[in-house]
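For clarity, every value in this text was computed on a predicted model and none was experimentally measured. Residue numbers count from 1 along this sequence.
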Amino acid sequence: MAVSYWILFVFILSSTALFILMGYDKRKAKKGQWRVTEKRLWLFALMGGACGGVAGMRVFRHKLNYSRFRIGWSILAVIQLVGLLMLMWFYFP
């Protein structure tokens with residue numbers, strides 16, 4: 001049971017972190033400054049933060065022209081949400 005809470009915690013933390021990183025990267029892009037690497041953005045998405053990344057794309061209007069982000073993170077978000085729903089169905093009271 002404790003493992004399921006950790007998975008939920010990592011999902012929420014990664015989603016929040018990726019959402020914040022998207023806003024940070026957008027601000028840096030507007031100023032022409034150092035940016036967050038795509039590798040780091042994908043790492044947070046794969047760690048459970050794809051939902052936060054998709055939300056960040058919409059809110060900050062960032063990375064919408066890149067299909068690898070738009071399509072990849074959307075598919076990943078659906079997979080992660082289905083996994084999270086299955087986790088909640090089977091392991092949470």
Note, Met22 side chain near Val36 side chain (heavy atom, < 4.5 Å):
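The answer is no; the side chains never approach within 4.5 Å.
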Verdict with supporting geometry, Leu87 and Leu84, side chain to side chain contact (heavy atoms under 4.5 Å, CB included):
CA-CA 5 Å; Leu87 176 79; Leu84 190 62; 4.1 Å; yes
Within this structure, what is the [atom1]-[atom2] distance for the pair [X] and [Y], rounded to the nearest 0.5 Å?
| X | Y | atom1 | atom2 | result |
| --- | --- | --- | --- | --- |
| Arg35 | Arg40 | CZ | CZ | 13.5 Å |
| Leu21 | Thr16 | CG | OG1 | 11.0 Å |
| Met88 | Leu8 | CE | CG | 7.0 Å |
| Leu64 | Tyr66 | CG | OH | 11.0 Å |
| Glu38 | Asp25 | CD | CG | 9.0 Å |
| Phe69 | Met57 | CZ | CE | 8.5 Å |

Does Arg70 CZ have over 12 foreign heavy atoms under 6.0 Å away?
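Yes, because the 6.0 Å sphere around CZ of Arg70 holds more than 12 heavy atoms from other groups.
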For the residue pair [X] and [Y], what are the closest heavy atoms and their distance?
| X | Y | value |
| --- | --- | --- |
| Ser14 | Met47 | OG-O, 3.4 Å |
| Gln80 | Gly49 | OE1-N, 3.8 Å |
| Leu81 | Cys51 | CG-SG, 3.5 Å |

Could you walk me through whether Leu18 and Trp73 pass the side chain to side chain contact (heavy atoms under 4.5 Å, CB included) check?
CA-CA 11 Å; Leu18 188 53; Trp73 282 1; 4.1 Å; yes
Test: salt bridge (Lys or Arg N to Asp or Glu O under 4.0 Å). Region: residues 3-21. Which pairs qualify, not counting sequence neighbours?
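Of all non-adjacent pairs touching residues 3-21, none passes salt bridge (Lys or Arg N to Asp or Glu O under 4.0 Å).
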Over 60° means perpendicular and under 30° means parallel, so classify the ring planes of Phe60 and Phe19, tilted if in between.
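Plane angle between 30° and 60°, so tilted.
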Is [Y] reachable from [X] through a run of hydrophobic residues whose side-chain heavy atoms are each under 4.5 Å from the next?
| X | Y | value |
| --- | --- | --- |
| Ile7 | Trp89 | yes |
| Val54 | Leu46 | yes |
| Ile71 | Ile79 | yes |
| Tyr5 | Phe90 | yes |

